[in-house]
Amino acid sequence: MDERERRLALFLDLENLALGFEKGRNRARFRIDKVLERLVEKGKILVKEAYADWSRFSEYKAELHESAFELIDIPKRSRTGKNSADIRLCVDAMDLCFSKDHIDTFVILSGDSDFSPLASKLKENGKYVIGLGTQGSTSQMLVDNCDEFIFYEELDEVATRPPRLNARIAKDKRPAFQLLIESILALMRENKDVIYSSMVKQTMKRKQPAFNESRFGYRTFSALLEDASKFNLVVLGEDARSGTYVVRGFGKNSN
């Protein structure tokens, strides 16, 4: 995929993920906020749909509603004789694939091998497919059929050690620098060869849509980057063609 912003559609098989957590060793509860924090790094999320029998998984409804998911209610499997959630999810995903050309990335939040044909068909139609599931309950067949697969347990892992904000940085500027560091980490996770300043700002605004450098006393985003460089938070370079800043990496910040 090129450097343009991805447009994502998310399809959540809640039953599969929730039951996977219940059977796991740590008995942790599935948190959609952790998932969205990672996926927003990949592009703009345009569609969010979650499928479940909500009479069984009512404890997740408030969290998903607050995250702007459309909740698709599926009756108990005993009433239908089949897993209607899987069928409905596949039908809706393929309908979106054919009707919305601007959506180029589909995310299947499940570890169920039944979604392997869906992943293959989406790829056949030129879509990029990301899967996300738990390590203990994800089918290897689904992993192999996705372009990219993320394990929930690895969401908190980072590719490199980021610098800490030291005491010399004013408190009113720290939120901007913290968001800057998190956004650069996100781009590093995406294995971007060159991290342009425009990519960094775009990622920061996806993470926090209200972000504006002027709120932190900077006339331009370049000025914010220059200040971050002075505090040894980042190492800056210059793109030979455009003359704009590129981020070479993190600085060796002393705490």
Side-chain angles (χ1 to χ4, degrees), residues 7-97 99-100 103 105-119 122 129-139 141-143 146 148-157 206-210:
R7 294 176 174 87
L8 282 65
L10 276 53
F11 293 88
L12 169 60
D13 174 16
L14 183 64
E15 179 178 356
N16 177 271
L17 287 179
L19 293 179
F21 271 78
E22 290 176 8
K23 295 176 182 177
R25 293 179 180 178
N26 56 10
R27 299 283 178 175
R29 185 177 183 276
F30 172 68
R31 287 177 49 196
I32 193 61
D33 61 319
K34 289 180 62 176
V35 173
L36 294 176
E37 283 174 11
R38 171 61 67 88
L39 294 178
V40 78
E41 297 171 357
K42 295 184 174 294
K44 183 180 295 184
I45 301 173
L46 302 182
V47 176
K48 303 173 191 172
E49 296 189 355
Y51 300 77
D53 175 0
W54 296 111
S55 66
R56 294 179 58 200
F57 298 97
S58 58
E59 68 271 23
Y60 292 96
K61 290 177 68 175
E63 181 182 1
L64 290 168
H65 181 71
E66 290 172 1
S67 299
F69 272 81
E70 180 181 359
L71 307 184
I72 311 298
D73 192 32
I74 305 296
K76 291 182 180 180
R77 192 177 305 191
S78 58
R79 296 179 186 172
T80 63
K82 295 182 181 294
N83 191 342
S84 299
D86 291 6
I87 297 171
R88 176 68 185 274
L89 189 156
C90 290
V91 170
D92 289 350
M94 289 308 302
D95 179 62
L96 195 68
C97 172
S99 63
K100 305 293 184 184
I103 295 179
T105 303
F106 283 69
V107 184
I108 302 172
L109 302 172
S110 178
D112 194 336
S113 61
D114 288 348
F115 293 117
S116 297
L118 171 63
L122 289 169
V129 180
I130 301 172
L132 189 147
T134 58
Q135 290 177 334
S137 61
T138 294
S139 163
M141 183 183 299
L142 178 60
V143 174
C146 292
E148 177 183 350
F149 201 92
I150 301 169
F151 287 106
Y152 181 92
E153 292 84 355
E154 298 175 353
L155 287 176
D156 293 326
E157 294 182 4
R206 283 204 302 266
K207 283 179 167 293
Q208 292 187 17

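In this text the structure is predicted, and so the values were computed from the model without any measurement.
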Undergrad: Taking atom NZ as the centre, does Lys34 end up with more than 12 heavy-atom neighbours from other residues, nucleotides or ligands that are less than 6.0 angstrom away?
TA: yes
Undergrad: Run the side chain to side chain contact (heavy atoms under 4.5 Å, CB included) test on Asp13 and Leu17 for me, step by step, so that the C-alpha distance in whole Å, both residues' side-chain angles and the decisive distance to 0.1 Å come before the verdict.
TA: CA-CA 7 Å; Asp13 174 16; Leu17 287 179; over 6 Å; no
Undergrad: Restricting to pairs with a member in residues 61-71, which pass side chain to side chain donor-acceptor pair (under 3.5 Å), not counting sequence neighbours?
TA: Arg29-Glu63
Undergrad: What verdict does the side chain to side chain donor-acceptor pair (under 3.5 Å) test give for Ser116 and Ser113, after you've listed the backbone C-alpha separation in whole Å, the side-chain angles of each residue and the deciding distance to 0.1 Å?
TA: CA-CA 5 Å; Ser116 297; Ser113 61; 5.6 Å; no
Undergrad: Looking at Ile72, is its backbone amide N or carbonyl O close enough to the side chain of Trp54 to form a donor-acceptor pair, meaning the two atoms are under 3.5 Å apart?
TA: yes
Undergrad: Does the side chain of Phe11 reach to within under 4.5 Å of the side chain of Leu118, using non-hydrogen atoms?
TA: no
Undergrad: Could you please spell out the steps behind the side chain to side chain contact (heavy atoms under 4.5 Å, CB included) verdict for Leu39 and Leu109?
TA: CA-CA 11 Å; Leu39 294 178; Leu109 302 172; 4.3 Å; yes
Undergrad: With rounding to the nearest 0.5 angstrom, report the CG to CD1 distance, Leu132 to Ile150.
TA: 5.5 Å
Undergrad: Check whether any side-chain N or O of Tyr152 sits under 3.5 Å from a backbone N or O of Arg31 as a donor-acceptor pair, and report yes or no.
TA: yes
Undergrad: When you measure from the side chain of Glu153 to the backbone N and O of Gln135, does any donor-acceptor pair fall under 3.5 Å?
TA: yes
Undergrad: Mind checking what makes ring pair (Phe, Tyr, Trp, His ring centres under 6.0 Å) contact with Phe69, not counting sequence neighbours?
TA: none
Undergrad: Can we say Lys207 and Glu41 salt-bridge, meaning some charged N sits less than 4.0 Å from an Asp/Glu carboxylate O?
TA: yes
Undergrad: Flag the pair Asp92 / Glu49 as yes when at least one side-chain heavy-atom distance between them is below 4.5 Å, and no otherwise.
TA: yes
